[in-house]
Number of protein chains: 2
Amino acid sequence: MDAKEFRQRGKEMVDYVADYIEGIEGRQVYPDVEPGYLRPLIPNTAPQEPETFEAIIKDVERIIMPGVTHWHSPYFFAYFPTASSYPAMLADMLCGAIGCIGFSWGSASEATLVALLAARTKAVRHLQATSPGLTQAMIMEKLVAYASDQAHSSVERAGLIGGVKLKAIPSDGKFVMRASALQEALERDKAEGLIPFFVVATLGTTSCCSFDNLLEVGPICHQESLWLHIDAAYAGSAFICPEFRPLLNGVEFADSFNFNPHKWLLVNFDCSAMWVKKRTDLTGAFKMDPTYLQHSHQDSGLITDYRHWQLPLGRRFRSLKMWFVFRLYGVKGLQAYIRKHVQLSHEFESLVQQDPRFEICAEVTLGLVCFRLRGSNKLNEALLEKINSARKIHLVPCHLRDQFVLRFAICSRTVESDHVRFAWEHIQGLATELLRA
Amino acid sequence: MDAKEFRQRGKEMVDYVADYIEGIEGRQVYPDVEPGYLRPLIPNTAPQEPETFEAIIKDVERIIMPGVTHWHSPYFFAYFPTASSYPAMLADMLCGAIGCIGFSWGSASEATLVALLAARTKAVRHLQATSPGLTQAMIMEKLVAYASDQAHSSVERAGLIGGVKLKAIPSDGKFVMRASALQEALERDKAEGLIPFFVVATLGTTSCCSFDNLLEVGPICHQESLWLHIDAAYAGSAFICPEFRPLLNGVEFADSFNFNPHKWLLVNFDCSAMWVKKRTDLTGAFKMDPTYLQHSHQDSGLITDYRHWQLPLGRRFRSLKMWFVFRLYGVKGLQAYIRKHVQLSHEFESLVQQDPRFEICAEVTLGLVCFRLRGSNKLNEALLEKINSARKIHLVPCHLRDQFVLRFAICSRTVESDHVRFAWEHIQGLATELLRA
């Protein structure tokens with residue numbers, strides 16, 4: 001869908017929305033479908049080829065609307081109100097278009113925290129079952145979680161919030177968490193009487209897009225009964241392409257897995273997808289059932305109450321965005337999108353390699369290139385400062401060990417080879433100025 | 001703004017969005033405004049009278065855009081990509097219109113959790129400073145949080161997640177948390193060597209919209225150095241009307257306060273607003289500063305990094321919705337909206353009172369009426385079952401002490417006296433059938 005079609009479809013959608021709201025009184029306020037009604041109405045897989053907008057909007061009435069509780073019907077007197085107004089909807093359209101991420105990028109953070117809390121609950125219950133004299137606090141004091149020294153800051157934060165120790169495992173020369181370093185930490189901590197319970201492995205680290213070695217780390221977690229959470233926030237989208245699936249090898253050892261379609265799969269922020277191997281491990285940690293939230297299907301096993309899976313009770317209807325995107329792009333369209341970004345990052349990589357003043361600092365696997373001027377951190381800090389104050393392009397840095405490194409991430413839906421080449425020539429020009437001064 | 005105007009403005013917005021995205025390459029990717037640039041450009045208060053849409057959209061370019069980092073510019077190579085596509089935007093429009101709340105209603109839950117975690121950190125640090133031998137686990141084992149037995153289930157959940165005890169304070173005959181019951185619990189727990197640290201007071205409880213007595217509870221919290229968090233998720237919106245402000249008396253004792261504009265202030269889900277008295281108490285609990293998130297203003301005190309205030313790192317640009325709503329309704333429009341809902345609930349209350357088969361179960365203050373048939377819980381469960389399976393209107397129940405009670409909440413933006421009367425006659429009819437059977 002291009003801008004021209006969006007102008008048309010957007011206006012149709014505006015009318016659809018206005019019709020929906022004007023006609024809401026005529027709709028049955030509460031659905032009479034049964035759990036599972038949706039399953040036979042939708043295919044088992046996303047379409048390979050893009051579908052038409054007409055097909056989707058027809059399905060909205062046929063498939064989606066019969067299952068909707070119309071919270072804005074004037075016959076809805078349940079719970080408390082949830083707001084709705086035309087101005088807010090207009091603003092949300094604009095908000096979606098701007099699509100900026102306030103201060104950072106994701107709620108993979110929440111997934112990590114939820115997994116850690118579930119693992120904590122599981123560990124506490126297990127230990128209390130075997131040693132009934134132990135209090136929760138006595139156990140929590142000894143629990144230790146682990147992640148690579150390249151893991152995202154949200155992992156450390158999850159440990160802090162969960163009130164447990166988090167230890168950083170030194171990654172290897174390629175910024176990968178390996179068996180030996182993890183095993184060493186586990187042995188040392190167990191010898192000190194601590195209780196390892198949780199490991200976060202990252203596929204596609206934030207700093208340099210390195211991949212922890214699941215085939216090594218997974219079996220250790222399995223053997224030691226540690227909860228293995230995989231944070232694939234960025235890289236997860238790439239696994240839609242068969243050629244990147246080997247990066248997932250070992251995923252079978254994971255207890256939980258998360259990636260953010262709102263990063264790299266064309267679904268606007270926010271939308272973070274999480275899988276767990278055993279759902280009761282999660283729901284057991286958070287379940288609360290006050291009268292006003294109980295419903296007739298809750299013990300049937302037929303439905304999935306996501307309120308037991310997450311921190312907030314409420315959630316937006318985010319799957320609608322995924323459904324539109326999967327259908328309108330098709331798997332092939334999404335694969336082509338990922339491949340184009342990866343190809344552009346390799347193009348940038350080869351431009352950097354042709355200039356002997358620069359070096360590549362980590363292997364380029366997906367859409368991120370880490371590079372720097374050969375020389376001091378100070379020099380590279382000055383280069384970044386020049387780049388960002390010129391305001392033609394925008395980059396952020398990272399530290400790889402003690403090196404200050406520039407990150408060039410392929411981001412925009414509309415970025416082309418021309419933009420990448422422009423960016424590189426611009427960086428080269430600023431580097432020349434800097435080295436001359 | 002009515003549906004007719006929305007059709008027009010919505011289509012203008014679609015064009016604005018398409019223009020924005022088509023022209024994004026021509027915009028400077030990273031803003032060069034200084035922290036605080038926005039302050040003098042916007043008024044100190046929301047407008048009393050509604051403004052026009054033209055005025056707002058003009059201000060989007062004048063006021064908002066100069067401060068935006070254009071995450072979807074093809075010159076943006078920072079962090080990782082954040083997704084954007086036309087299909088996702090279309091879906092989000094529909095999602096906004098449906099505005100259903102998956103399984104429940106709010107992220108006041110997150111606010112409570114964040115406040116509890118901040119209070120926990122503060123308590124642990126304070127005690128470790130005075131008794132350096134204490135470990136975090138030794139302290140956490142003794143920490144106790146308190147809330148009324150009428151508090152929302154998310155409060156109990158926050159205690160569970162935070163790994164601290166949460167005790168329910170028995171409310172009085174009007175479902176209000178009072179000084180005596182709280183004081184009693186505190187004395188008993190302190191005598192047992194426990195450490196009280198956190199109290200949640202609710203303004204507008206979920207079950208019956210009762211208001212904890214802040215003028216009694218506040219001074220106790222102050223005297224005992226307990227963090228007082230106020231959960232006004234639903235009722236908070238009503239405080240825009242001067243006549244409801246007395247319900248806030250004692251708010252000066254609060255350390256943190258939260259309400260959900262997405263419930264009752266016409267801002268579509270989700271949008272939850274939280275205040276803290278001392279921001280460093282929150283930010284101190286969560287702060288993480290990896291290189292890729294650092295920026296030049298972070299130690300200046302000039303800007304507020306909300307990533308230190310919340311659990312996820314990222315956040316949607318929700319304030320845009322509030323800004324549109326405040327301006328297009330004006331304070332007066334919002335006050336009129338609240339007052340109308342309150343008036344409708346009193347109308348329903350008086351209808352119930354005129355039928356001697358029914359009773360009102362709690363004082364009606366805002367938009368919620370708790371009522372039941374005089375008789376057994378079983379009878380009322382059967383009535384609710386009849387009401388909800390007829391699917392003409394939708395209600396949820398609650399328990400007040402051991403009574404099963406029906407909650408009639410005025411919810412919809414478009415609900416009128418006619419709908420309320422229809423609902424009442426429908427309920428009466430079903431009650432007649434039930435009592436005859």
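In this text the structure is predicted, and so the values were computed from the model without any measurement. Residue numbering restarts at 1 for every chain, and letters A, B, ... go by the order of the sequence lines.
In this structure Glu416(B) satisfies the side chain to side chain donor-acceptor pair (under 3.5 Å) test together with Lys340(B), sequence neighbours excluded. Contacts of Asp15(B) classified as salt bridge (charged side-chain N to carboxylate O under 4.0 Å, His left out), with partners at least two apart in sequence or in another chain: Arg7(A), Lys11(A).
Proximity to chain B (any heavy atom under 4.5 Å) is shown, for Val164(A), by neither the backbone nor the side chain. In this structure, the portion of Glu25(A) lying under 4.5 Å from any heavy atom of chain B is its side chain and not its backbone. Interface remark: Lys392(B) contributes backbone atoms only to the contact with chain A (heavy atom separation under 4.5 Å). In this structure, the portion of Met65(A) lying under 4.5 Å from any heavy atom of chain B is its side chain and not its backbone. Asp2(A) touches chain B through its backbone: at least one of N, CA, C or O sits under 4.5 Å from a heavy atom, while the side chain does not. Only the side chain of Arg120(A) comes within contact range of chain B, with heavy atoms under 4.5 Å apart. Heavy atoms of Ser73(B) lying under 4.5 Å from chain A belong exclusively to its backbone.
Between chain B and the residues Ile64(A), Val124(A), Val325(A), Ile139(A), the largest count of heavy-atom pairs under 4.5 Å involves Val325(A). For chain A, the option among Leu406(B), Leu90(B), Val415(B) with the highest count of heavy-atom pairs below 4.5 Å is Leu90(B). The most heavy-atom pairs under 4.5 Å with chain A, out of Phe404(B), Phe422(B), Phe53(B), come from Phe422(B). Ranked by heavy-atom pairs under 4.5 Å with chain A, the first of Gln136(B), Glu141(B), Glu385(B) is Glu141(B). For the set Ala158(B), Pro31(B), Ser237(B), the entry with the most heavy-atom pairs within less than 4.5 Å of chain A is Pro31(B). Among the candidates Ala137(A), Pro74(A), Ser412(A), the residue making the largest number of heavy-atom pairs closer than 4.5 Å to chain B is Pro74(A).
Although no hydrogens or angles enter the test, the distance criterion places a donor-acceptor pair under 3.5 Å between the side chain of Thr135(A) and the main chain of Met138(A). In this structure, the side chain of Tyr337(A) does not engage the main chain of Tyr329(A) through any donor-acceptor pair within 3.5 Å.
A donor and an acceptor atom, one from each side chain of Ser272(B) and Glu110(B), are nowhere located under 3.5 Å apart.
In terms of heavy-atom proximity, Pro87(B) sits nearest to Leu328(A) at CB-CD1, 3.4 Å.
For the ring-ring contact (aromatic ring centres under 6.0 Å, His included) with His419(A), the qualifying choice from Phe77(B), Phe76(B), Tyr75(B) is Tyr75(B), the only one to do so.
Between Lys263(A) and Pro261(A) there is no side-chain heavy-atom pair separated by less than 4.5 Å.
Ring centroids of Tyr20(B) and His70(B) are separated by less than 6.0 Å, placing the two rings close together.
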